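Quick one: the structure is below, and I'll ask about it shortly.
Being a predicted model, the structure only gives us computed values, none of them experimental.
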Amino acid sequence: MLRIAMCDDETEAREALYLLLDQELHEESEQIVYEFSTGTAAANWLQKHPGEIDLLFLDVEMDGMNGMETAKKIRTFDQNLLIVFVTGFADYVFDGYSVGAMDYLMKPVSRGKLQSLLARVREKLGQEEAEEFIVKNTDGTYRFLKKEIRWFYSDKRKVMLVTDRGEYGFYAKLDEVEKQLKDGGEAGQFVRIHQRYLVNTKWVDQIGSASVQIGGEELPISRAYKEAAVKKLAEAMLGGMR
């Protein structure tokens with residue numbers, strides 16, 4: 001799945017890019033999800049919907065918040081979104097590296113350049129797919145890199161996923177989440193410390209006699225899980241110090 005958004009304050013420019021993309025995208029698994037006419041609207045929406053977009057085509061020369069300012073705002077809350085600048089001036093090209101832009105396309109966008117870019121995007125997303133955890137709820141579909149997840153906890157019929165960006169709930173059982181992570185090859189990275197808590201060892205700051213600390217939060221270790229959990233956590237922490 002490749003989900004694309006574009007941001008350009010010129011309607012004609014958005015339509016031209018849309019038509020080009022429509023000819024190149026794989027119909028069943030790739031789609032243009034959103035269009036934005038201002039950088040402010042794009043940044044605000046993306047902040048509220050982490051992981052819902054994979055690739056953003058971002059015009060540099062926009063009124064109000066321009067493309068570079070928009071990209072800088074996005075990078076304050078999302079380091080993973082692929083950003084491609086679209087510009088009519090080559091002078092802006094090198095500025096893109098400061099915000100981790102994947103590439104740039106000169107206007108008018110050529111079909112050959114777009115095809116080459118999409119091939120690279122597909123390859124990159126394919127490599128990262130195994131490192132992702134996908135959450136689906138009534139608000140939409142969110143993608144998180146497993147390494148950015150701090151812990152999961154159960155809350156009645158839901159499981160809550162915790163990152164530094166906030167908490168995201170979805171209907172599931174914690175046992176199912178643990179099995180999914182294990183099947184995905186991440187069994188050593190996430191450790192069950194309690195019937196209600198599954199933590200990412202990479203974020204554990206301290207192991208206590210009855211709890212662990214992650215970013216100032218204290219999470220309980222239950223007796224049933226203590227022996228195995230403490231052993232795995234200690235091994236992970238010592239391994240990270242080498």
Near-ring test Phe133/Phe144, centroid separation under 6.0 angstrom: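 Between Phe144 and Phe133, the centre distance exceeds or equals 6.0 Å.
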Approximate separation, where rounding is to 0.5 Å, of Thr141 OG1 and His49 NE2: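 It is 10.5 Å, given to the nearest 0.5 Å.
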From Leu19 atom CG to Arg111 atom CZ, the distance as rounded to the nearest 0.5 Å: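 Between Leu19 CG and Arg111 CZ, I get 11.5 Å after rounding to 0.5 Å.
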Taking every non-hydrogen atom, the tightest pair across Ala172 and Val159: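 For Ala172 and Val159, the tightest heavy-atom pair comes out as O-CG2, 3.4 Å.
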Residue pair Leu219 / Val199, side-chain heavy-atom distance below 4.5 Å: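 Leu219 reaches Val199 side chain to side chain.
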Ring centers of Phe57, Phe85 separated by less than 6.0 Å: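 No, too far apart.
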Spacing of CG belonging to Leu114 relative to CG belonging to Leu20, to within rounding of 0.5 Å: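 Spacing of CG (Leu114) from CG (Leu20) equals 6.0 Å.
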Within one Ile-Leu-Val-Met-Phe-Trp-Tyr cluster: Ile134 and Tyr168, side-chain cutoff 4.5 Å: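 Hydrophobic grouping puts Ile134 apart from Tyr168.
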For Tyr34, ring-ring contact (aromatic ring centres under 6.0 Å, His included) partners two or more places apart: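 Counting only residues at least two positions away or on another chain, Tyr34 forms a ring-ring contact (aromatic ring centres under 6.0 Å, His included) with Trp45.
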Leu198 side chain reached by Ile193 side chain, heavy atoms, under 4.5 Å: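 Contact flag for Ile193/Leu198 side chains = no.
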Over 12 non-hydrogen atoms of neighbours within 6.0 angstrom of CD in Gln23: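 Atom CD in Gln23 is crowded, with more than 12 foreign heavy atoms closer than 6.0 Å.
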Ala43 to Thr70 - nearest heavy-atom pair and separation: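 Looking at all heavy atoms of both residues, the closest pair is CB-CG2, 4.4 Å.
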Check ion pair Glu235-Lys231 (N to O, under 4.0 angstrom):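 A salt bridge is present here (some side-chain N lies under 4.0 Å from a carboxylate O).
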Side chain to side chain donor-acceptor pair (under 3.5 Å) partner of Tyr153, chosen from Glu167, His194, Lys158: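 So the option named by the test is Glu167.
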Ile149 to Thr163 - nearest heavy-atom pair and separation: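 What the structure gives for the nearest pair is CA-CG2, 4.2 Å.
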Backbone of Glu69 reached by a side-chain donor or acceptor of Asn66 within 3.5 Å: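 Here the side-chain-to-backbone pair exists.
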NZ/NE/NH1/NH2 to OD/OE distance under 4.0 Å, Arg122 and Glu30: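 Yes, this pair counts.
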Within one Ile-Leu-Val-Met-Phe-Trp-Tyr cluster: Met65 and Leu81, side-chain cutoff 4.5 Å: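 No, because Met65 and Leu81 fall into different hydrophobic clusters, even though each may have its own neighbours under 4.5 Å.
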Side-chain heavy atoms of Leu56 within contact of Leu82, under 4.5 Å: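 The answer is no; the side chains never approach within 4.5 Å.
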Side-chain heavy-atom pair Gln47, Lys73 within 4.5 angstrom cut-off: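 Gln47 vs Lys73: side chains touch.
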Greater than 12 external heavy atoms within 6.0 Å of Asp63's CG: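 No, not enclosed.
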Sequence-distant partners of Glu132, side-chain hydrogen bond (donor to acceptor under 3.5 Å, both in side chains), two or more places apart: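 Here no residue qualifies.
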Any donor-acceptor pair under 3.5 Å from Asn44 side chain to Thr40 backbone: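 Looks like yes, one N/O pair under 3.5 Å.
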Spacing of CG belonging to Leu117 relative to OH belonging to Tyr104, to within rounding of 0.5 Å: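 Answer for the CG-OH pair, Leu117 versus Tyr104, is 12.0 Å.
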Side-chain H-bond candidate by donor/acceptor type, Glu218 with Ser211, under 3.5 Å: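 Side-chain D/A pair, Glu218 to Ser211: present.
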Student check: side-chain heavy atoms of Leu55 and Ile83 closer than 4.5 Å: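 No, too far: nothing below the 4.5 Å cut-off.
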In one Ile/Leu/Val/Met/Phe/Trp/Tyr side-chain cluster, 4.5 Å: Met160, Trp203: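 Same cluster: Met160 reaches Trp203 through Ile, Leu, Val, Met, Phe, Trp or Tyr contacts under 4.5 Å.
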Lys107: side-chain hydrogen bond (donor to acceptor under 3.5 Å, both in side chains) partners, not counting sequence neighbours: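 Testing Lys107 for side-chain hydrogen bond (donor to acceptor under 3.5 Å, both in side chains), a comparison that skips the adjacent residues, returns Asp8, Asp59.
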Pairwise side-chain contact, Val162 with Ile214, heavy-atom cut-off 4.5 Å (strictly under):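 A side-chain contact is absent here, since even the closest heavy-atom pair is not under 4.5 Å.
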Any donor-acceptor pair under 3.5 Å from Asp9 side chain to Thr38 backbone: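 No; zero donor-acceptor contacts below 3.5 Å.
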Taking every non-hydrogen atom, the tightest pair across Ile221 and Gly208: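 Taking Ile221 first and Gly208 second, the nearest heavy atoms are CD1-O, 4.3 Å.
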Backbone of Ser209 reached by a side-chain donor or acceptor of Lys226 within 3.5 Å: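 Side chain of Lys226 to backbone of Ser209, a donor-acceptor pair under 3.5 Å: yes, one is there.
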By salt bridge (Lys or Arg N to Asp or Glu O under 4.0 Å) - contacts of Asp175 (at least two apart):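 For Asp175, the residues satisfying salt bridge (Lys or Arg N to Asp or Glu O under 4.0 Å) (neighbours in sequence not counted) are Arg192.
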N/O donor-acceptor pair under 3.5 Å between Glu176 side chain and Lys173 backbone: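 It does hold such a pair.
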Ser154 vs Gln195 side-chain heavy atoms within contact, under 4.5 Å: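 No; the side chains remain at least 4.5 Å from each other.
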Hydrophobic cluster membership, Met1 vs Ile32, 4.5 Å side-chain cutoff: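 Result: no, two separate clusters.
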Phe36 and Arg14: CA distance, side-chain angles, deciding distance, side chain to side chain contact (heavy atoms under 4.5 Å, CB included) verdict: CA-CA 9 Å; Phe36 302 100; Arg14 292 200 308 274; over 6 Å; no
By salt bridge (Lys or Arg N to Asp or Glu O under 4.0 Å) - contacts of Lys147 (at least two apart):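 In terms of salt bridge (Lys or Arg N to Asp or Glu O under 4.0 Å), with neighbours along the sequence ignored, Lys147 is linked to no residue.
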Residue pair Val191, Tyr225: steps toward the side chain to side chain contact (heavy atoms under 4.5 Å, CB included) verdict: CA-CA 9 Å; Val191 174; Tyr225 292 91; over 6 Å; no
Taking every non-hydrogen atom, the tightest pair across Gln189 and Asn200: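 Of all heavy-atom pairs spanning Gln189 and Asn200, the closest is NE2-ND2, 3.1 Å.
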Value rounded to 0.5 Å, distance of CZ in Phe190 from CZ in Phe152: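 Those atoms lie 5.0 Å apart.
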Joint cluster assignment, Tyr18 & Leu105, ILVMFWY side-chain distance < 4.5 Å: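 Same cluster.
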Criterion salt bridge (charged side-chain N to carboxylate O under 4.0 Å, His left out) on Glu217 and Arg150, from CA distance to verdict: CA-CA 11 Å; Glu217 294 286 335; Arg150 298 194 174 194; over 6 Å; no
Pairing residues for Asp103 by the salt bridge (Lys or Arg N to Asp or Glu O under 4.0 Å) criterion, not counting sequence neighbours: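 Applying salt bridge (Lys or Arg N to Asp or Glu O under 4.0 Å) to Asp103 gives Arg120.
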Chi angles and distances behind the side chain to side chain contact (heavy atoms under 4.5 Å, CB included) call for Glu52, Arg3: CA-CA 7 Å; Glu52 195 158 336; Arg3 296 164 301 173; 4.2 Å; yes
Atom pair CG (Leu25) and CD (Glu28), whose distance is rounded to the nearest 0.5 Å: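 Those atoms lie 13.0 Å apart.
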Closest non-hydrogen atom pair between Val99 and Arg75, with its separation: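 Scanning both residues completely, I find the closest heavy atoms to be O-NE, 2.7 Å.
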Asp54 side chain reached by Arg143 side chain, heavy atoms, under 4.5 Å: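 Sidechains of Asp54 and Arg143: in contact.
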From CA spacing to verdict: side chain to side chain contact (heavy atoms under 4.5 Å, CB included), Phe77, Leu46: CA-CA 9 Å; Phe77 58 81; Leu46 289 165; 4.1 Å; yes
Exercise: do Glu61 and Thr87 side chains pair donor with acceptor under 3.5 Å: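 Yes.
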